[in-house]
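Remarks on the structure that follows.
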Amino acid sequence: MKRSDKIGYWFVVPASLFMAMFMFYPIIYNAVLSMQHVDVMTLLSEDKKFVFLDNYIRIFREKSFWNALKNTFIFTFGSIVFQFSIGFFLAVLFNRESRGYRFMRAVMMVPYIMPATVSAILFKFIFNASGGIANEIFLSLGLIKEPVEWLLTGKTAMISVIVGNIWCGIPFNMVLLSSGIAAIPMEYYESAVLDGANVFQKFFYITVPSLRSSIEAILVLGFVYTFRCFEMIYVMTGGGPANGTELMTLLSYRSSFVEFNFSQGAAVANVLFLILFVVGIFYTKMLGKEETA
């Protein structure tokens, strides 16, 4: 092996150590923890009892787990559909090089650069039953006759947190799609105009097919980021009312740090990890097939 090759390996060592300490070790530790019986009494004990898959069997038998799983999918798909649709619309709308459009693109990035906790507090005030902006707007438009307690009933609470998460995720979709649109050669559109194509035909036969790989990446990344969302729900509703907005992340948190059943919380977290891992593998295989084609 050449000396230059050895030097290259030394440059990889810091990144490898970082991944081992902050990625691989927590995953392995959490997997072991989920197969033990660990609570507040046995957390510091060296002799922890192994129960293997009992924690997983227990959570699969509980209604709270299936409720959290259902809420997680509702929250994820409800958010992604509108984040992607609105982001795509704004990407097409602001895909022009002028001072006004550049300014608007910069303004649209504000929700993305704001901390998630700050955004959650903002929407908690927006959907406040007394004096919230949402109620004031709907009352002034005559859409409701009395203030709605958005965060105190199950359905409206879920709608509220989804709206908050949509607002946070739109810039992510808009920026990535804008980059993809900017990379499409203008000759495609010029040829389409000569052939008599209208705006919709250019969009569906040129823009969308050219952005296929970008769209797939955005949807997968959006699914991963939204599926493991925690701050927005925790700050706005805390998983309530009556667990109506409790996601798997909050169920894991509640099991570990409220009920102090650390093993059961780890089991819920591992199920969440496995779902996202399967999505990641599916996306990787899909990319491999596209590259082969």
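Source: prediction; values computed, not measured.
Relative ring orientation between F18 and F22 is described as tilted, the plane-to-plane angle lying within the 30° to 60° band. Classification of the F257-F262 ring pair by plane angle, with boundaries at 30° and 60°, yields perpendicular. The aromatic rings of F123 and F127 lie parallel to each other, their planes meeting at an angle below 30°, with 60° marking the opposite boundary. Between F60 and Y56, the ring planes lie tilted relative to each other; the angle falls in the 30° to 60° range.
Rounding to the nearest 0.5 angstrom, the gap separating the CG atom in D39 from the OG atom in S256 is 11.5 Å. Here OG of S263 is found 6.5 Å from CD of Q36. Values are rounded to the nearest 0.5 Å. Taking OG1 of T245 as the start and CE of M232 as the end, the distance is 12.0 Å to the nearest 0.5 Å. How far CE of M248 is from CG of N71: 11.0 Å, rounded to the nearest 0.5 Å. Rounding to the nearest 0.5 Å places CD of E246 at 10.5 Å from CE of M158. Atom CG of N55 and atom CZ of R58 lie 5.5 Å apart (nearest 0.5 Å).
With a 6.0 Å radius and a threshold of 12 heavy atoms from other residues, nucleotides or ligands, F82 has its CZ atom at or below the threshold. Dense packing is recorded around OH of Y189, with more than 12 heavy atoms of other residues, nucleotides or ligands lying under 6.0 Å away. Heavy-atom contacts from other residues, nucleotides or ligands closer than 6.0 Å to CD1 of I74 number more than 12. Residue Y188 qualifies as open at atom OH: its count of foreign heavy atoms under 6.0 Å is 12 or below.
For Y112 and W167, the ring centers are positioned 6.0 Å apart or more. For Y225 and F172, the ring centers are positioned less than 6.0 Å apart. F203 has its ring centre less than 6.0 Å from the ring centre of F88.
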* After noting the C-alpha distance and the side-chain angles of F227 and F73, does the key distance pass the ring-ring contact (aromatic ring centres under 6.0 Å, His included) rule? -> CA-CA 7 Å; F227 204 82; F73 276 104; 5.2 Å; yes
* Walk me through it: do T117 and Y234 pass the test side-chain hydrogen bond (donor to acceptor under 3.5 Å, both in side chains)? => CA-CA 9 Å; T117 305; Y234 182 76; over 6 Å; no
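With contacts defined as side-chain heavy-atom distances shorter than 4.5 Å, the pair L211/I184 qualifies. Residues E149 and T156 fail the side-chain proximity criterion, which asks for heavy atoms closer than 4.5 Å.
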